[in-house]
Q: 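Mind looking over this structure? Questions follow.
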Amino acid sequence: MLTKYIFVPAAAAFAAYILNKKNKKAGATITALVSAYLLLSLALIYGSWELNQSFNLSLMGYQLEFLMALTPLSWLFAVLTSAISLLIAVFSIDSQADFKFSSVFNLNFLLVIGSIMGVLFARDFLTLFIFWELMTWTSFYLISSGKKKMAGRAAYRYLILSAAAAYSFLMAVIFIFQQTGSFAFEPAAEFLLNNSAPQSILLLLAISLPFWVKAGIFPLHVWVKDAHGNAPKEFSPFLSGMLLKVGFYGLIVVFHQLSFFKIIENTIAYRGLPLLSYLFALLGAVTIITGTILAIRQEDMKKLIAYSSISQMGYIIIGIAIATPLGFSGSMLHLMNHLIFKSTIFLALAAVIYRTGTTKMYEVGGLIFRMPLTFAAYLTAIIALAGIPPTNGFISKWVIYQALIEKGYLFLALAAFFGSIASFMYVFKPLSTVFLGQLKPQHQEIKEVPLLMKIPMLILIGVIVLFGVFPGIQMNIISQISGDLGIETVNYSLYSIQGAFGAWNSLYIFNVFAAGFVIALLVFGLAKKSKLVGLLDTYSSGEYVTDAESYHYAYQYYRPFDRLFDNLAAKSLTGFYETLTANLLKSGESFRRIFAAGRVQNYALYSVLLFVILAAVGWII
Amino acid sequence: MVNLTLIIALPLLMAFTMPIFKMLNSKLPKFIALLTTAFNLIVLSSNFTEIMAAPLILELGGWQAPFAINLYVGPLALVAAFLINGSAFILSIYNLSQDYQFDDKFYLLFLMITAGASGMVMTGDLFNLFVFIEITSIAAYSLTTFAGGSSYEASFKYLIIGGVGSVFLLLGIGFTYSAVGSLNLAEIAASAGLINPLLLQITALLFLIGIGIEAELFPLNFWVPDIYTEAPTAVSGIMSGAVSAAGIYALARIFFTLFPAQQFFNYLLVIGVITLIMGELIAYQQENIKRMLAYSSLAQMGLIVTVISLGTEAAVKAGLFQLINHSILKVLLFISAGVLISAAGSKKIKDLAGLGTKKPTAAFGFTIAAMGILGVPFLNGFISKFMIISSSLNADQFLITFLILAAALIEIAYYLKVVQKLYFEDLEIEVKNTAVITVPVILLTLLIIGLGVYPQLIAEPLEKAAAEILNNSRYIMTVLGGI
Amino acid sequence: MIDLIYKIGHFLLITVFATALGLLFMGIARKIIARIQKRYGPPVYQPYLDVLKLFGKDAITHGFIFDFGAVMALGGVIATLFFIPLGSWQLYSMEGTVLLVIYLLAVASLGMAMGTVGSGNPQASIGISRALTQMLGYELPFLVILFSLIFRYQTSSIWGLMQAQAGSFLNWNLFAYPMMALVAFVVLIGMMGKKPFDAMIAPSEIGSGPVVESGGKYLGMLLLQKSITIIIELALYVNLFLGGADNIFSFSFKMLIVWILATMFGSLFPRFRIEDGVKFFWKWPLGIAILQALYIII
Amino acid sequence: MNNNFVKGSWQEILDWAQNKSINMLHYCTGCGAIELPPTMTSRYDMSRFGIGPAATPRQADLLLVTGYLSTKTLRRLIYTYEQMQAPKFVVGFGSCTINGGMYWDSYNTIKQLDKYLPVEMYIAGCMPRPEAILDGLLKLKKMINNGEADGYQRYQDNLEFYHQNQEAVLGEVQRTQ
């Protein structure tokens, strides 16, 4: 029964809403329990890929068929969703007091989970659309409920973009429905394959639009930064970790299950890649570069990580677009890994925000001595994000590089290299300014977060290392997905992956690392013991430092680098869109000025004029 | 089964005896209005199955059609009458708890407008249609002024435009009568083919303009924003929920039954789309919430006209569904907006910030209605949006579909602004005591969700209504019988 | 068991050798710079004395992250070292792909950055901010070069790339792709933080930047780390462009040649501002590297 | 004792290394600093003796006080000295550090450095020429090699004395933690 994955969270949502009114912790607890239940029951149905369900409904004269089925792809995404929501829910049990609308948060959160499940199991467009819309709306309320004023605007932008894309989806889908009489994927794919290629491509592009928006690919990434930056701190991990990924789920469905790649197979190609795919990959490359450059400039920790999410999405789309076995596996790996390490980062930052109440990096500092576990979580996650071995993040990037070099896509590789090297810069900024450096006097008394917040972070640290050593666990399900989608699979074992030009073997890496560290530790340990001094006792050209606040280098950390891109950053795409729409909408105002100026004699005149015009038109015809 | 004539007669009777009730007890008039509308709903329900089986024709005065004045209640009229009386009923509940005390005259006129609008949809006679339109408009002119202040100006504007509309309508009726020699709709429809094409065209255009004013079509609709903004909430609600529905009915009846020529449908299509786009664009700019809702109403009317004038069965069904949704949602929007306005003491959207927690019921009502309009799944607007797009694509109208969706996008933009203001911004304002609207909000929310989850509920009436409106020979046959 | 002991011995041997060689190279560099400046210069073995002295001195620490950073920096480079073929010595070099080595080097950088910033001295932070910015400058052309090489020889293992140049010395990439070798040489100078790319350690401006708070054994460990890093970077260059070598002696000799050239080159220039350095790297080296890469893939 | 013997000879090795590798922090308050560039550059090249500049007190072994000290600069000097890591040495440079030199009657100049910090040796002169500087530093090297340069131990042993003197002129002295 697949419907239970939708209805259990939905039913629990209302229960959580009601119970949360009585006890502030009830909602999050219920969310955690429901997610745990989903996770368990998903684990139980692993492998039964023939599971499906369908309803027939005659609605207003339309014969509709609602189809749901379990595929390896949807299973993976469902597991990721429930796992991450479990961690977030556990994390948020103690921070419910921070919420303005605690009950509504839990209500919406559970509804988002349920609707994502609906999206994932849907095998027809209508089901997909219904749950997609539901997901958009509920997440809209979640983003809006962020504490800051910008949250509203961000959510607003998010919803408008999503809605526009959703309408394009709806139009294309209903068009296909008119032709085939069914909303299901298979007939649609068949129809699109046999249809004229340009029309099919257009339809599929329209269908894929909501997924592009959700995945935050340039130039539709404008909602991501503000939405992530201003959403409630507990929701940001989910937003970045999971909601963006659902977009990729949709893209994979469009590309493979709706045979987009088959349709464009024989069009003009560049280095064996159809031009359209290459264009997608280039969009990914641009996404990486813009996301990275803008991330480096941010002073707000959540916005910084949001831009980093944008840039990491670029890697995933590149891999999916080039569609080689390595590219696809790399993308899927990166997708999972990004979910893991980005949630860790956001949770760690949420812990910081929970304790300090600010998201501005220059307002905090030196928290490592007060919140060591949070620091450890953040550190592990950024090592993974920057793609440093031996963590999971390196493996996925390595596979993507292999895929790019294999085919010789120079410019894509250049962007990938750029994003990866520059990611050191932006991940180091919060590390340096939030956790290291000088501890502010007002934060002297800060304590580590409560146990329930520590547990998710600890688990995530473990998962990062686990997948860093045993990527085979991930490759197992990925190879099933590739098999299901008809992509060749990559050779792998529990701890190694075969690339195009050499293999990755995490066991060796791990051994060597251990050896290196042991030697270094020996050197360190054998030397004289050192004396511990305070953070203010530093070389300051002889001047005695009393003021920790002004002795913390945090504001405009990479100013020299930023200077290089000042001109570029001043041209905001968001601003461009906003002026465009504002001008379009202003035309309404001029309409009103012309027609509805409040002169009743004019109104009377219009009726006569209309009569004359229509009569004239009738006459001419 | 109760005689349907009562639907018109009872409110009129009650309306004119209202001063007597007032003498008995000053609180009685509101209850009388409530009871009357409730009774009307019961009457309609009791006739439901029968009308679904076959249209009901009531001949007044014992004469037979085409000579008698007849009432024709088919499925379409039934749907429209349900909407009108339903809106009136909900608004009467709303009136019960109003803190402002209107006297008997308000309820008198309120019942009159209900009777007038019901009459418009039930009549089978062109002149009676005119009469009912006049009753409705005159009641509306006066009702508007109950808010005082600048509502007089609004009312005056409406009066003038309404006067112009009456002239056109009367002229059209005159031409028709001179050409056909009858005012019975069926009779006219039967002999419309005999009319001189030029005369027919002129006549049709006169009707288009005369009724277009009631149906709020561009560019005849600029009285609407003023009326909706300035009138008391209940009046805005009934204008938007009931009178405009009656206008659409009249428009559909005249153009589908009397002059079913593609040319007029094309006119209506163009006018409808322009109304839609303009309404949405202007609504987006508004800072006054009631004015925003007014322009949104215009746009919705445009949408409905557009879709209906596509002329396919699916399209008509979609349009009618949208009409139903529009009535439900707009009534809810107006009453919750009314509560929010009186709580904040201002009609400006920006002054409503933060009322979500202070006036939870009204804010919830507004939100759910807005989401309904925007087509969130499992709410009624989703179904009608689906049907609209499906039917317009089916009619190969890509441009129209695109414009409809673009307009829907603008609609999202401005409704969301309000919703966000309500919940996610804080403004320290003193909240005034306002009416309690729990009952109407619950009733309408149930309807919204009910229709969204199980639209099959009204599938039969819609199906029958669409079939009826598209087949004018059946109408003629039914009314005229063997003749 | 014997195998394990053999392996551990090998580990230690390589580490000690690389450290010793790196320190020697540093001494040679100081001597060369002195001679260029018409000075006598310190003895060649001066860096050994420095390290010995530093480990003998007292030291302060600013908390566990300061210690951890130093260990991570040294451990990171030692781990990286094992993946590099040094002449005939190759421990894990068959497994190591060149991309892996690049990223492994980042572990050390991250460790050093974290430890030094953990000291709370803003000058360290400024230095790290500059170092990371510059890294973005030079890594990009370097990675493009690696892209071309991997694509050209269809292998990404350093060993494989080295083998591909076997035969005549004309097969060396230095002669096969001289532009690429030149770019890599400039990148090498940037990587080793020699002038004109030494804004991140600018001693008189920001108090030697990252190492501002490191004294005693911390500075000693960073010196060791620096010496191993030099060896890794030189070995990478020799393997990629000079065809590697059969034995450790000729390998060391090749490294020495490259090192001397780099030192001489470095001592001629004043310092780039950070953004100018990045601009330079993105203009000339990156431009040439891209042209070369285009030539190879087309 | 065997253990002591090992310790002792290890200390000797360290002393030897220390004497071969001295990083100096020149505290350039007075005019004497102008004599250091010629000492470092090609004419005299002090680096051939393993003596070189250091950027920060953490990396330095030798504190070179190159000229007069006012009460204002003494405060910084003490702070810098305390930030240095043992073994550390102080060399007074020029006559100002010995007796105030030409500022002998100034109201706010420190006359005698070794009342405040444990000076290993003075290099006399106003100012001392590079030859004198080199000579002095070579003597210091010899002292270090012989284990005679034990200023940092004297400072620890007579902490009270130094602190008293420092506080007498400066009032409250900020110290490292």
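Protein chains get the first letters and strands the later ones, always in sequence-line order, with residue 1 at the start of each. What's counted below: heavy atoms across the whole structure, side chains too, no hydrogens, waters or symmetry copies.
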Q: Heavy-atom cut-off 4.5 Å, strictly under: side chain, backbone, both or neither for A:K529 against chain C?
A: backbone
Q: Taking every non-hydrogen pair under 4.5 Å, which of A:S540, A:A554, A:P372, A:A527 racks up the most with chain C?
A: A:A527
Q: Which heavy atom in A:T538 sits nearest to a heavy atom in C:S119, and how many Å separate them?
A: CG2-O, 3.4 Å
Q: With only heavy atoms counted, which part of A:K407 is less than 4.5 Å from chain C, the side chain, the backbone, both or neither?
A: backbone
Q: Chain A heavy atoms under 4.5 Å from C:E213: which part of the residue, side chain, backbone, both or neither?
A: side chain
Q: Over 60° means perpendicular and under 30° means parallel, so classify the ring planes of A:F424 and C:Y103, tilted if in between.
A: tilted
Q: With a 4.5 angstrom heavy-atom cut-off, could you sort out which part of C:F142 is near chain A: side chain, backbone, both or neither?
A: neither
Q: Does any heavy atom of chain A fall under 4.5 Å from the side chain of C:L286, the backbone, both, or neither of them?
A: side chain
Q: Measure across C:M135 and A:I421 and return the closest heavy-atom pair with its distance rounded to 0.1 Å.
A: O-CG2, 4.0 Å
Q: Could you tell me the separation between the CD1 atom of A:I405 and the CD1 atom of C:I297, rounded to the nearest 0.5 Å?
A: 11.5 Å
Q: In terms of ring plane angle, is the pair A:F524 and C:Y218 parallel, tilted or perpendicular, where the classes change at 30° and 60°?
A: perpendicular
Q: Using non-hydrogen atoms and a 4.5 Å limit, figure out which bit of C:D276 sits close to chain A: side chain, backbone, both or neither.
A: neither
Q: I'd like to know if the side chain of C:S156 pairs up with that of A:Y401 as donor and acceptor (distance under 3.5 Å, no hydrogens or angles considered).
A: no
Q: To the nearest 0.5 angstrom, please state how far the CD1 atom of A:I519 sits from the CG atom of C:L74.
A: 8.5 Å
Q: Between A:F394 and chain C, with a heavy-atom cut-off of 4.5 Å, which part of the residue counts as in contact: side chain, backbone, both or neither?
A: side chain
Q: What part of A:L404 is in contact with chain C, defined as an atom under 4.5 angstrom from a non-hydrogen atom: side chain, backbone, both or neither?
A: backbone
Q: Do A:K528 and C:D58 sit within salt-bridge range, that is, some charged N less than 4.0 Å from a carboxylate O?
A: yes
